[in-house]
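Numbered from 1 within each chain, the chains take letters A, B, ... in sequence-line order.
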4 protein chains.
Amino acid sequence: MAVRAAVAGASGYAGGEILRLLLAHPEVEIGALTGNSNAGQRLGALQPHLLPLADRVLAETTAGNLAGHDVVFLALPHGQSAAVAERLGPDVLVVDMGADFRLQDPADWERFYGSAHAGTWPYGLPELPGARARLTGARRIAVPGCYPTAVTLALFPAYAASLAEPEAVIVAASGTSGAGKAPKPHLLGSEVMGSMSPYGVGGGHRHTPEMIQNLSSAAGERIAVSFTPTLAPMPRGILATCSASAVAGATADSVRAAYEKAYADEPFVRLLPEGQWPATASVHGSNAVHVQVAYDESVGRIIAISAIDNLTKGTAGGAVQSMNIALGLDETTGLTTIGVAP
Amino acid sequence: MAVRAAVAGASGYAGGEILRLLLAHPEVEIGALTGNSNAGQRLGALQPHLLPLADRVLAETTAGNLAGHDVVFLALPHGQSAAVAERLGPDVLVVDMGADFRLQDPADWERFYGSAHAGTWPYGLPELPGARARLTGARRIAVPGCYPTAVTLALFPAYAASLAEPEAVIVAASGTSGAGKAPKPHLLGSEVMGSMSPYGVGGGHRHTPEMIQNLSSAAGERIAVSFTPTLAPMPRGILATCSASAVAGATADSVRAAYEKAYADEPFVRLLPEGQWPATASVHGSNAVHVQVAYDESVGRIIAISAIDNLTKGTAGGAVQSMNIALGLDETTGLTTIGVAP
Amino acid sequence: MAVRAAVAGASGYAGGEILRLLLAHPEVEIGALTGNSNAGQRLGALQPHLLPLADRVLAETTAGNLAGHDVVFLALPHGQSAAVAERLGPDVLVVDMGADFRLQDPADWERFYGSAHAGTWPYGLPELPGARARLTGARRIAVPGCYPTAVTLALFPAYAASLAEPEAVIVAASGTSGAGKAPKPHLLGSEVMGSMSPYGVGGGHRHTPEMIQNLSSAAGERIAVSFTPTLAPMPRGILATCSASAVAGATADSVRAAYEKAYADEPFVRLLPEGQWPATASVHGSNAVHVQVAYDESVGRIIAISAIDNLTKGTAGGAVQSMNIALGLDETTGLTTIGVAP
Amino acid sequence: MAVRAAVAGASGYAGGEILRLLLAHPEVEIGALTGNSNAGQRLGALQPHLLPLADRVLAETTAGNLAGHDVVFLALPHGQSAAVAERLGPDVLVVDMGADFRLQDPADWERFYGSAHAGTWPYGLPELPGARARLTGARRIAVPGCYPTAVTLALFPAYAASLAEPEAVIVAASGTSGAGKAPKPHLLGSEVMGSMSPYGVGGGHRHTPEMIQNLSSAAGERIAVSFTPTLAPMPRGILATCSASAVAGATADSVRAAYEKAYADEPFVRLLPEGQWPATASVHGSNAVHVQVAYDESVGRIIAISAIDNLTKGTAGGAVQSMNIALGLDETTGLTTIGVAP
């Protein structure tokens with residue numbers, strides 16, 4: 001029997017990507033599609049790449065329109081998920097692709113988002129130790145942020161193996177779709193093509209506490225994170241360049257062994273052969289994570305780099321992967337590790 | 001029982017794309033992968049986006065290595081397919097993604113390619129009248145060129161309905177992957193980013209006779225074609241802007257009706273709603289063709305525009321679609337009309 | 001004594017480009033800078049590439065703020081120039097980079113812009129026959145549209161030499177800056193990168209009557225124009241691919257001779273050597289126009305292609321060039337034919 | 001009297017950029033242009049953006065062809081400059097845009113380049129303390145590498161003011177022109193568009209010792225550098241994101257004060273107003289350096305970010321700036337701080 005899924009916020013980039021993936025998912029039937037400012041419009045005018053859904057019309061995002069589904073994906077601006085979720089019954093699987101339920105510490109939420117904390121849901125990064133058990137049978141899932149997905153998967157093996165000092169320095173480049181579909185001058189094609197620029201420098205990016213939460217959990221101690229995001233002239237993709245000082249006694253071999261062990265059985269994470277480095281184009285449209293790690297002896301630092309598609313593994317693919325686990329389906333159902341390149 | 005497929009020329013862009021599609025094809029098992037200069041290398045180093053095949057090693061392109069398969073896809077430089085094909089038995093389905101067997105008139109071949117004509121195989125554009133019957137059970141298929149695919153699907157309904165005068169003016173923009181993976185200075189990223197440039201102007205592009213062949217066949221008379229290809233700063237996609245004078249008596253309604261009729265039942269071609277125009281991003285990675293047509297009263301011309309992915313519908317997707325027909329599978333097996341956007 | 005220049009609309013792309021050029025103009029001193037929604041802001045926040053003006057603050061666009069200058073450049077939304085211009089004295093040179101005063105036929109204006117025609121000013125395309133005489137000493141100048149600049153310079157020599165039939169088919173690709181800086185969803189980097197798409201198809205683009213006006217003037221008869229603009233994934237540049245049937249008796253030699261004659265003494269237009277085709281990257285940031293022409297014997301058509309920078313020669317560079325003529329300066333003062341490439 | 005300049009290696013990207021700048025330099029007359037594989041070709045075919053030089057023909061790179069000039073710019077593959085330079089007289093100003101004479105420690109050279117060290121020339125980064133005195137009257141100049149230029153200018157004020165601990169972590173994104181014009185598969189437009197990828201990870205990039213040399217000199221102690229370069233989908237530009245732990249007692253105010261002091265009188269380096277961050281588009285084609293710095297209290301790190309044009313300030317603009325100083329011209333002659341944007 002098919003899993004019936006609704007998508008709230010179907011006109012944005014996260015909404016479009018979850019629909020792209022659900023259309024390819026053999027166990028899912030797509031139910032209600034909702035939007036707010038775009039309610040009443042044909043999806044074909046908003047998401048012309050989703051040809052099979054072109055004639056579907058967006059309903060308004062109301063609990064009534066989202067009722068009667070097995071799974072509801074929320075692709076809403078932050079702060080709006082709680083009100084919708086509480087109107088959906090406890091047996092409905094609610095998968096929130098926004099930030100609202102990711103953070104454990106209410107103080108973090110309040111500092112970075114300036115509003116009251118809505119709560120914490122099981123965190124949808126199956127590759128983290130213990131995560132799959134928490135996701136199995138869950139009916140509420142908080143999908144990780146795109147940057148925290150890339151950064152956590154690049155660095156947690158080093159921390160889980162106690163190989164890195166507790167300060168990580170991260171510079172990540174993201175495609176523009178990470179900034180959403182609401183038009184703003186600095187996101188115009190004229191502005192972003194041919195340009196690299198940083199933003200949220202100095203500890204201010206909202207994804208920082210989530211990275212700290214994940215890495216600290218893996219390390220068993222508080223990890224400090226210096227995170228600088230940059231906007232890159234491409235529509236999709238995150239390249240996260242992460243480093244930390246190695247602890248005394250760490251070697252190139254022990255570092256590599258830690259990563260090999262962490263990812264030996266992961267279906268979506270690939271530690272590349274030595275000497276081959278990730279490129280975002282290789283994971284375009286796929287749920288794969290390409291990871292490479294090096295030990296720079298001259299400075300005693302571990303350099304770990306990951307590439308993901310921010311909309312797939314970084315948002316909607318991670319959401320489907322976690323949904324699969326929650327529902328008892330094979331974790332890889334409907335997902336691919338094959339990128340669309342060149 | 002699975003169809004066992006080999007790919008000759010697996011390291012290039014057409015080879016990579018056919019592998020990407022075959023990996024998603026439920027009836028196909030991927031057999032031998034061959035290359036020439038890259039024989040002996042891991043596919044993961046050459047096509048890092050094809051993660052499931054990363055550890056496969058390229059063999060040399062020899063008849064021996066290609067033997068024992070149900071289907072052999074040839075992604076070879078032009079002029080090399082015949083020698084390989086004749087060593088493969090008549091029961092093997094050989095799908096040539098090169099130019100060698102597309103043209104019916106040996107004089108066209110000789111003029112544009114400067115060598116002896118190898119022959120003519122059933123032409124793999126199923127949307128053309130009569131094509132599906134010719135492809136059913138075929139064991140040799142010539143996959144159309146990328147530009148001819150886009151142009152023919154934009155214009156043939158006008159010619160088939162006798163609505164257009166026999167001179168078509170075509171300007172098409174192509175992503176750079178259409179030029180292949182062999183490194184040349186003018187294809188460097190530094191050169192193509194931020195630049196539009198024409199090439200093969202004035203009737204010299206090798207795809208011109210193929211367009212004439214297709215459109216003339218639809219029209220029942222010789223169609224003259226003025227074709228100007230341009231290189232666009234994107235990796236994939238073709239946007240073909242085509243026009244022809246309308247015959248006396250043609251109207252906006254009769255033109256639209258001809259296109260609606262031509263594409264009513266086509267699984268991969270979508271005539272967009274009036275007022276919506278194709279964009280190559282919407283078909284990125286998909287086998288879909290987005291088409292729109294207008295009648296410009298002020299000049300009495302029909303303007304028909306199509307968008308395809310040059311590597312998918314324009315090469316490897318068209319190849320799989322034709323293979324499906326030849327083998328008696330559902331024509332859409334393993335193919336999608338869903339693009340990867342944004 | 002320096003020419004004192006004001007710019008109304010200094011926060012947009014045309015405004016930024018005129019400032020970029022005026023900063024390099026040895027005879028000009030930059031006076032008032034005005035905006036509307038951005039009045040009161042530092043220019044450094046709006047146009048960070050114009051470092052020498054970073055600390056200038058935008059005033060409101062009022063006649064008072066624009067008074068007291070020798071030249072006033074208007075970079076305003078269409079329909080707003082007349083009200084400003086009539087408050088400026090007849091001795092002030094007013095250079096309108098908008099559309100308001102380009103068209104000679106009020107009916108054209110009303111049909112394409114839906115408002116009352118403001119009038120017709122001397123047309124700032126010096127390369128057109130007779131234009132320099134009309135611009136010398138002028139105190140009102142209408143700067144041509146970007147597409148009409150590219151198209152007219154590609155085609156008028158053929159019409160001036162009576163070599164082409166009176167129907168031109170034009171497909172042009174433009175960088176996204178041509179669409180301005182006001183944020184709209186379809187202009188987001190996420191949407192435009194990797195995509196080619198047409199717009200204004202079927203005779204509806206507002207630049208069409210201006211092309212007809214120019215080509216008809218050169219030909220001495222009414223020229224019909226089929227014009228299809230497309231949006232290309234680059235910030236700047238126009239590539240205009242233009243063609244028309246050749247008249248009986250035209251030859252490749254007579255066509256080339258017409259272009260050589262037309263452009264022998266033009267400081268900004270370069271007919272490329274035979275076999276070399278224009279690329280927009282080569283004119284990036286420059287006032288140069290690269291032109292090439294071919295005669296396609298197989299269809300009897302003349303194919304003429306031009307590349308310009310839409311913001312330089314297509315807008316602000318054309319404005320400066322015309323200002324120079326009007327003020328009796330050397331026409332090339334402050335302008336370059338050197339592009340920024342790669 | 002004009003300075004007569006020759007350019008060896010005029011067909012590459014550094015060669016093209018030095019010619020673009022020299023064409024705009026009021027004191028320079030361009031003499032011999034040489035190449036090797038391209039000797040005998042018209043420059044218009046190789047550098048079509050340099051219209052005023054289109055009809056110049058490349059000579060071979062020989063001492064004879066380079067003789068008789070006041071200045072010779074070398075844009076040669078590394079290892080080739082010494083042989084050419086020693087044939088040019090001691091009174092000729094030789095400006096090497098390659099790596100050969102940048103490093104002071106022969107062991108560094110041998111380790112990173114694998115050949116014998118040619119020597120050390122005055123280092124052409126005028127903004128470094130003491131550099132202008134060393135450049136004045138010099139007849140041999142080693143132009144800094146593009147990455148070291150961006151990184152040094154981002155970080156040296158922190159080290160000169162003793163505000164940062166002696167380990168810097170740097171992640172920089174470069175446009176593809178930094179990799180040169182020799183065609184290689186990974187530099188194809190098809191590969192780089194839409195992709196971010198690292199290279200030379202783990203301390204192996206040849207620009208690392210040059211960064212260490214500069215920062216150590218500013219600090220008065222050995223600075224360790226972790227440097228990760230990444231290739232970004234744009235033709236030009238470097239964004240360098242640099243950080244280091246602050247020393248005890250450093251504050252946001254003391255950090256900013258150090259940068260304000262360092263750049264108060266620099267004609268090409270601009271410390272942006274607080275809250276505004278650099279973007280490479282803003283310095284496209286200009287010799288400007290945009291710098292911003294922040295103090296991240298949560299981790300106690302100084303984050304300094306710079307944007308340059310890798311071909312202008314990062315190569316040819318830096319060369320012209322140093323030439324001006326060497327020859328006693330105003331340092332800014334022929335150079336601009338105005339970028340070509342958008």
*Hey, mind stepping through B:V299 and C:V225 against side-chain contact (heavy atoms from CB on, under 4.5 Å) and telling me if it holds?*
CA-CA 7 Å; B:V299 290; C:V225 168; 5.6 Å; no
*Going from CD on C:E167 to OG on B:S245, what distance comes out if it is rounded to the nearest 0.5 angstrom?*
4.5 Å
_Looking at every heavy atom in both C:S243 and B:V169, which two are closest together, and how far apart are they?_
OG-CG1, 3.7 Å
*Output, in order, the C-alpha distance, side-chain angles, deciding distance and verdict of side-chain contact (heavy atoms from CB on, under 4.5 Å) for B:T228 and C:I305.*
CA-CA 10 Å; B:T228 306; C:I305 302 184; 4.0 Å; yes
_Using a 3.5 Å distance criterion without hydrogens, assess whether the side chain of C:S197 forms a donor-acceptor pair with backbone atoms of B:A279._
no
*asked:* Which one wins on heavy-atom pair count under 4.5 Å against chain C: B:G237, B:A307, B:A294, B:P233?
replied: B:P233
*Could you tell me which non-hydrogen atom of B:R301 sits nearest to which non-hydrogen atom of C:S226, and how far apart they are?*
CD-CB, 3.7 Å
*Which answer fits C:T208, side chain, backbone, both or neither, if we ask what part of it has an atom under 4.5 Å from a heavy atom of chain B?*
neither
*Output the option from C:P198, C:G175, C:A173 having the highest count of non-hydrogen pairs under 4.5 Å with chain B.*
C:P198
*Heavy atoms only, distances under 4.5 angstrom: which of B:L188, B:V201, B:V171 has the most pairs with chain C? Name it, please.*
B:V201
*asked:* Minimum heavy-atom separation for C:S190 and B:P342, please, with both atom names.
replied: O-CB, 3.4 Å
_I'd like to know if the side chain of C:T280 reaches the main chain of B:M196, judged simply by a donor and an acceptor atom lying under 3.5 Å from each other, with no hydrogens or angles considered._
yes
*Would the number of heavy atoms belonging to other residues, nucleotides or ligands and lying under 6.0 Å from CD of B:E297 be above 12?*
no
*asked:* Could you measure the distance from the OG atom of B:S282 to the CD atom of C:E191? Nearest 0.5 Å is fine.
replied: 8.0 Å
